[in-house]
> 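Below: one structure in structure tokens.
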Amino acid sequence: MDRKWQEAWTKARIFEANANEQEKFFITIPYPYISGSLHIGHARVVTEADVYARFLRMKGKNVLFPIAFHISGTPVLGISLAIKNKDPQKIDLYKEYVRTYVKNEEEVERIVASFEDPQKIVDFFIPKMKDEFSTLGLSVDWRRSFTSGDIEHQKLVEWQFRKYRKSGYLVQGKYPVLYSVALANAVGEDDIIDGDLDPVEKQEFVLVKFPFGDQMLVAATLRPETLFGQTNVWVNPDVTYSVAQVGKERWIASEECFDKLILQEYNVTKTGTVKGRDLLGKYCTAPFLEKEIIILPSKHCDPDRGTGIVTSVPSDAPFDWMSLKTLQDSEDLCTEYHLDHKEIRKIQPIPIITSKGYGDLPAVTLCQKQGITSVLQKKELTEATQEIYKVGFHTGVMKETCGQYSGMATTKARDEMKAALLTGKKGAIIFETSRPAKARDGSKVVIAVIDKQWFLDFTVGKWKEHAREALKKMEVVPEKYRKQFEDTFLWLDKRPCARRRGLGTKLPFDPRWVIESLSDSTIYMALYPLCHLIRQYKLQEKHLTEDFFDYVLLGEGKADQCGVPRKVLDALHKEFSYWYPFDHRHTFAAHLSNHLSFMIFAHVAIFSKHQWPKKVTFHGMVLSEGEKMSKSKGNVVTLLEVNERYGADTFRAFMCNSTSVESTCNWETAEVEKMKNHLGTLCRILESCIAHRATGPLPKSTLSLISRVERITAQATEKLAAMELRDYATLVLFELMNWYKKGTRKLTREDLARVNEYILTRWLLLLAPLTPHLAEELWQKAGKKGFISIAAWPHADISKINAIAEYKEEFIENIENDIRTVCRLVNVQPKEITLFVADHWKSELVSLVKDLLKETHDQKTIFNAVMKTDLRKRGEDVTKILPALLKDVGKIPTFVLGQEDEQATLHDACADLEQTFGCNIKIMMADKTTEQKARAALPGKPAILVR
RNA sequence: GCGGACGUGCCGGAGCGGCCAAACGGGACAGGCUUAGGACCUGUUGGCUUAGUGCCUGCGCAGGUUCGAACCCUGCCGUCCGCACCA
């Protein structure tokens, strides 16, 4: 059934939107990146956008909902490289993908082999992705689809970057990246073994230079603020260090270190070596202290970490403290290294930082506390180091031993001391990975500094100011994300925007660089109004010049210079002006700090104010059976599976009904099955409505049902307009059904048929955005003309909303429940039930109190006010009732019907109640009986006597 | 570390100062319908309470503000998300 309607829609082209006189609505979602089969994560955003788009279309808007595809970046390239390199895993994986579409094994082989060419991957998967998306029943205008590799897109991006450059937003500079020497390339998280599980970060070490004769001993530290506590320098006695000319200086450091420095834009010439052992016992000059300190042995200096030389701060570094202690406690060890044991024993830790609860010598204190007695307790030492770092760094204050930095917070001292080292040429910077890491080919990952990296500099000029202005005017749903935008805008600084590899658009003025994939996808929505027309008019690459885009998008520039007839340009400009800006972008919340923010920046950089984004909405993530979807867990649910097992409507209904748009959706097969089941029931009910219809006046007993239907219509409309899809779905899938069942239970066949006639169209229309296939099918079965997908959204007849009728129904229901409670408590099968309607004066009292409550909740005030009226005559009773009433205002009925109406309502329901309880039911006025029980009656709560 | 969000019944999840023992959905239990199963219908599903439509306890934990708090404030505990060159 799904396929049938999808084809019918395509054939009738009802979702192809063109500029016209109608009010437009242009909704977009992030174009998906090709990565094999689409799964329910991809499907969430499009489904939600589609429900909304369908609603607005039915509301009479000219809705454009397009989808394009993103192919930029390294992943697609990575696939083709892997296949070129005959990577068996990747080949198998892609064979499997292809097999889902192609049955002939030879053909599968041929297709996968062709993937050596990345374009072939794109060519193969794009149509499949469109098909897979289509199985969801999307109301997408596919004519306007393109990929980020298409020439139209590339030309647009080139135009965008030329604009950036003219505005001074593009700058060049040095930049550290994760790098593999063997691959001679930068590597991303995906390229690193376990890069996703244990991310590799870039750490900045400060190199500290120790004058040592005419050379410099170079140590590396993460904590320059501790340098006043230096007592000695550690070198590894078993390591042979290198000596190298670095600029005008001669440095001593590990060979590995120099290799890294070479990659980090240092001018290094290795000139010789020196054994660690030979440095022991000698002295070098410590920066800040400006005095000689001794060089001592430590086997824990790793030549592949920093420089392989470590400056020792035993007061704050547990490793240093234990190393020092080992040496001090062992005369033999000193003798082995030809050190004067007495001298070594004189070395004392220097207190430098006071931090909460650790005293002056946190390393000493903590080692004692944790029972650390040996340098070999590596794990404990590392933990202790981290703890001191955390506490010392965030709560610490520099002591009087720290010269001009005394009294300063450690965080501040750190920055200032680092700066002092750098400006005084006593220090430098080296980048290290936060953990040892290997690329997928096994090669070591280090950090390289790229020179002349292109950046987008968000801090230039009024860029941020404009972005904030755009944000201010933009609708953000949920509103709580606005603050997150503001915060993001604050820390956005310079962003590298080009790489040396990957698919995408080349920088027009520096074609060695490819524009990075998040930077090339910030204004592509501007192509949706145009792309199919550019193709229709057969415009070529040579036409898509700066002038072309200037004119079509901005209405400025020299229109005659691009070789496109003015008429065509005007047609394009007109279409563009009609649609742009987009009215709504629906996105994953995780995209906020990058894609969405860049999108806003790009728009304010390129477009004028009236073309800035109008609205952004966010959805939550999708879990599968309570867990993140991943191939390794095997819980990825593809759209192909969804289509096979459940069909589009079940998917849509589940997705929208299971959770609110902004929350996490948990896909649980058992729950989805239930939804499928429910839709089956719903379908049967609607079919019986179709089969059994008649025109004619509706009986009085359906007043409340009609009221509810109208109310639900109004609510559904409201919820949809606010994109509160869960509430909408619950209303039309469940509430409407429940009220229908309840409200039609006791109707005659004839009345039922009339209700059916009334409700059927309404119900189908309300369902149409959510379950379009089901709605379309039943619409046709009911003999309605045209597609329900483009039928007019129903108006709620507010005048039929009858709160009193609804209340009366609840009133009777409450009585039923109360009678049941009483019967259960008394434990009798009732033979006769008497209902006593409360006295007239009680209605007066409750009405009065209800009014008074609008003003105050103060018991005294209310009591006094009541006593001023005629009710004073009932003073004693009032004193009894009032406190109870005020204690729980829930007891006060929504409407005070009054004695007459209450009695009449009970009379109307009497027959039903008698049937329900299988006994005779008497209704009496409480003031017309001597029965004690009757005195308990309250408005809305008749007293009940069971016999 | 920085920034943000969340914590409600057997479960998913509403509620965002009074109408809350808590919408809606699901599960479980009991009954009806049925050859049976499914579907469907009815009732029950925190504790106490056998003349009663009530009372008590309860919305992560501990306090506070208020006539009144799941909802506001403070602290604590726990869970999740984002932090850029990655799509």
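Proteins get letters first, then strands, A, B, ... in listed order; numbering begins at 1 in each.
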> Choosing from G3(B), A14(B), G52(B), which nucleotide comes nearest the side chain of V822(A)?
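Closest nucleotide to the V822(A) side chain: G52(B).
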> Tabulate atom names and distances for all N/O pairs under 3.5 angstrom spanning the protein and nucleotides 48-50 of chain B.
residue, atom, partner, partner atom, Å
U50(B), O4', L825(A), O, 3.4

> Kindly say if K483(A) contacts the phosphate of G4(B), meaning a side-chain N or O under 4.0 Å from OP1 or OP2.
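Result: yes.
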> Dump the pairs, protein N or O against N or O of nucleotides 39-46 of chain B, anything under 3.5 Å, distances to one decimal.
residue, atom, partner, partner atom, Å
A39(B), O2', R684(A), NH2, 3.4
C41(B), OP1, K741(A), NZ, 2.6
U42(B), OP1, R745(A), NH1, 2.7

> If each of P942(A) and S663(A) is mapped to the nucleotide of RNA chain B with the nearest heavy atom, which maps nearer the 5' terminus, i.e. the 5' end?
S663(A)
> Return yes if a side-chain donor-acceptor contact under 3.5 Å exists between T505(A) and D520(A), otherwise no.
no
> In whole angstrom, what separates W667(A)'s CH2 from G13(B)'s P?
16 Å
> Between L938(A) (CG) and G52(B) (C1'), how many Å, whole number?
14 Å
> Please figure out whether T659(A) or A937(A) has its closest RNA chain B nucleotide nearer the 5' end.
T659(A)
> Can you tabulate the close N/O pairs, meaning under 3.5 Å, that link protein atoms to atoms of nucleotides 78-84 of chain B?
residue, atom, partner, partner atom, Å
G82(B), O2', S593(A), OG, 3.0
A84(B), O2', R495(A), NH1, 2.5

> Does RNA chain B take part in any stems of at least 3 consecutive Watson-Crick or G-U pairs (both distances under 3.5 Å), and if so, which ones?
B:1-7 with B:77-83, B:10-12 with B:24-26, B:27-32 with B:40-45, B:46-48 with B:54-56, B:60-64 with B:72-76
> Please list, pair by pair, any protein nitrogen or oxygen found under 3.5 Å from a nitrogen or oxygen in nucleotides 23-26 of chain B.
residue, atom, partner, partner atom, Å
G25(B), OP1, N738(A), ND2, 2.7
G26(B), O2', K674(A), NZ, 2.9

> Just the table, please: protein N/O against nucleotides 7-9 of chain B N/O, every pair under 3.5 Å.
none

> Looking just at side-chain N and O atoms, do R585(A) and H595(A) make a donor-acceptor pair shorter than 3.5 Å?
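The criterion, which ignores hydrogens and geometry beyond distance, is satisfied for H595(A) and R585(A).
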